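One structure below.
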Amino acid sequence: MSAQPSPHMNPQQQQQQTEQEKVSRCRQERVLFRSFTIYLFARQVYQWINELAHPDTRETALLELSKKRETDLAPMLWNSFGTACALLQEIVNIYPSITPPTLTAHQSNRVCNALALLQCVASHPETRTAFLQAQIPLYLYPFLSTTSKTRPFEYLRLTSLGVIGALVKTDEQEVITFLLTTEIVPLCLSIMDSGSELSKTVATFIIQKILLDESGLSYICQTYERFSHVAITLGKMVIQLSKDPCARLLKHVVRCYLRLSDNTRARKALGQCLPDQLRDGTFAVCLQEDKSTKQWLQMLLKNLELGANQQQMGMSPLGS
């Protein structure tokens, strides 16, 4: 109920009070409308989540929910009865289409909608630990092992990489430990070697994030076989990038090299095997607008020069 104008108010003051009351009512109405909209949205989301449990309504529910990932969807998905099992069922159902490679576009789109929801769970702080403890990423590894170049398989690999990428973005030790103990590195290196440009970019980003962790760097530099596998793959990518430049992919490749140079033994080896294209200005034009990558490359070359000088002075590098 609006307040009655005071008889002591002049007409101008009464008008001001009336305007203030109108503004206040509008604000209250907006709050009520927003609250009601949120209620309706949450009700609809829960209905879609419930529909995941039923095979005849699951496909539509997957599609609708995959469009709502920007909301606080992960806890609702993970904590609702049977939802994780339904998503895993979608993944497992595709396995027979991997070998032999018969995956259709429709199958790929459907399972990728399920993977998009798992990526939502993987990236949320309230559900990430439980997601790892349930070892959900292992169900995606068969997809990362595929080699078919068809669009359905490429979309499947890229979306699966997106789930792993969401995990490593958090920079959490438990994520790196899980990935190292489940042998994600060879899978990413294989995609870096033969995948599409976009898949290579995401796979290289994952390797970069692993290397930036101390345990990840130590793991890769622990044996010659591991280091050489990474170095050879990166070297092939540099040669390919010199023919078909991609600034975004080059950025991750250079960052991987720079991080490897922080390890004494790796720095010594890189002094001998770093591709000439990173030394001779091949990427000068590509890096013209990318100051950070240009700076990383300069730091890399400086590190290798320092390592070479130490060798000449008789300072034998020690493994770190």
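Note that the numbering runs from 1 along the sequence shown for the chain. Predicted model, so just to flag it, every value in this text is computed and none were measured.
Surrounding CZ of Arg279 are more than 12 heavy atoms belonging to other residues, nucleotides or ligands, all under 6.0 Å away. The neighbour count for Tyr139 OH, taken as heavy atoms of other residues, nucleotides or ligands under 6.0 Å away, does not exceed 12.
A donor-acceptor pair shorter than 3.5 Å cannot be found between the side chains of Gln47 and Arg43. A donor-acceptor contact closer than 3.5 angstrom links the side chains of Gln173 and Thr177.
Between Arg58 and Glu51, none of the side-chain N atoms (NZ, or NE/NH1/NH2) sits under 4.0 Å from a carboxylate O, so this pair counts as no salt bridge. Salt bridge Glu154/Lys149: absent, no basic N to carboxylate O contact under 4.0 Å. Using a cutoff of 4.0 Å between basic side-chain nitrogens and carboxylate oxygens, Lys251 and Asp290 are scored as salt-bridged. By the 4.0 Å N-to-carboxylate-O rule, Glu305 lies too far from Arg267 to be salt-bridged with it.
The line from OG1 of Thr129 to CD of Glu172 is 6.0 Å long, rounded to the nearest 0.5 Å. Distance check: Tyr224 OH to His229 NE2 gives 12.5 Å after rounding to the nearest 0.5 Å. Here Lys209 contributes atom NZ and Asp171 contributes atom CG; the two are 3.5 Å apart, rounded to the nearest 0.5 Å. Going from atom CE of Met299 over to atom CZ of Arg255 covers 7.0 Å, rounded to the nearest 0.5 Å. Between the CE atom of Met237 and the CG atom of Leu189 there is a distance of 9.5 Å, given to the nearest 0.5 Å.
Counting heavy atoms from C-beta on, the side chains of Phe131 and Leu118 come closer than 4.5 Å. Side-chain atoms of Phe153 and Ser108, non-hydrogen and from C-beta on, never get closer than 4.5 Å to each other. Looking at heavy atoms from C-beta onward, Ile184 lies in side-chain contact with Leu144 at the 4.5 angstrom threshold. In this structure, the side chains of Ile164 and Pro137 come closer than 4.5 Å at one or more pairs of heavy atoms. For the pair Thr104/Pro152, no side-chain contact is recorded, criterion being any heavy-atom separation below 4.5 Å from C-beta on. For the pair Leu115/Glu90, no side-chain contact is recorded, criterion being any heavy-atom separation below 4.5 Å from C-beta on. Using a 4.5 Å heavy-atom threshold, the side chains of Leu287 and Leu250 count as touching. Between His54 and Thr57, some side-chain heavy-atom pair lies under the 4.5 Å cut-off.
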Take Leu140 and Leu161 through the side chain to side chain contact (heavy atoms under 4.5 Å, CB included) test and state the conclusion after the steps. CA-CA 9 Å; Leu140 280 55; Leu161 284 170; over 6 Å; no
Taking it one step at a time, do Arg128 and Val175 satisfy side chain to side chain contact (heavy atoms under 4.5 Å, CB included)? CA-CA 9 Å; Arg128 184 165 47 249; Val175 171; 4.3 Å; yes
Yes or no on side chain to side chain contact (heavy atoms under 4.5 Å, CB included) for Ser145 and Leu187, after CA distance, side-chain angles and deciding distance? CA-CA 6 Å; Ser145 302; Leu187 293 174; 3.2 Å; yes
Test side chain to side chain contact (heavy atoms under 4.5 Å, CB included) on Gln208 and Leu212; report intermediate values, then the result. CA-CA 6 Å; Gln208 172 190 318; Leu212 288 174; 4.1 Å; yes
Steps toward side chain to side chain donor-acceptor pair (under 3.5 Å) verdict (Ser148, Thr146): CA-CA 6 Å; Ser148 174; Thr146 59; over 6 Å; no
Apply side chain to side chain donor-acceptor pair (under 3.5 Å) to residues Glu59 and His106 and explain how you reach the verdict. CA-CA 11 Å; Glu59 184 172 2; His106 178 263; 2.6 Å; yes
One pair to check against ring-ring contact (aromatic ring centres under 6.0 Å, His included): Tyr95 and Phe143. What are the steps and the verdict? CA-CA 8 Å; Tyr95 287 170; Phe143 298 158; 5.8 Å; yes
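Transitive grouping of hydrophobic side chains (ILVMFWY, heavy atoms separated by less than 4.5 Å) keeps Val111 and Tyr155 in distinct clusters. Two different hydrophobic clusters hold Leu297 and Ile239 under the rule that ILVMFWY side chains link at heavy-atom gaps under 4.5 Å. Leu63 and Leu73 fall into different hydrophobic clusters, where Ile, Leu, Val, Met, Phe, Trp and Tyr residues are linked whenever their side-chain heavy atoms come under 4.5 Å apart, directly or through other members. Put simply, Leu138 and Val185 are part of the same group of oily side chains (I, L, V, M, F, W, Y) that touch within less than 4.5 Å, one to the next. Hydrophobic clustering of Ile, Leu, Val, Met, Phe, Trp and Tyr side chains at less than 4.5 Å, counting indirect connections, unites Ile94 with Val92.
In this structure, the side chain of Ser80 does not engage the main chain of Thr83 through any donor-acceptor pair within 3.5 Å. Tyr219 places no side-chain N or O within 3.5 Å of a backbone atom of Leu211 that could act as its donor or acceptor partner. Of the possible donor and acceptor atoms, none in the side chain of Arg157 sits under 3.5 Å from a partner among the backbone N and O of Ser199. Between the Ser218 side chain and the Ser215 main chain, no donor and acceptor come within less than 3.5 Å of each other.
For Cys112 against Thr159, the heavy-atom pair with the smallest separation is SG-OG1, 3.3 Å.
Geometric assessment of Arg265 against the ring of Phe227 yields a negative cation-pi assignment under the 6.0 Å and 45° thresholds.
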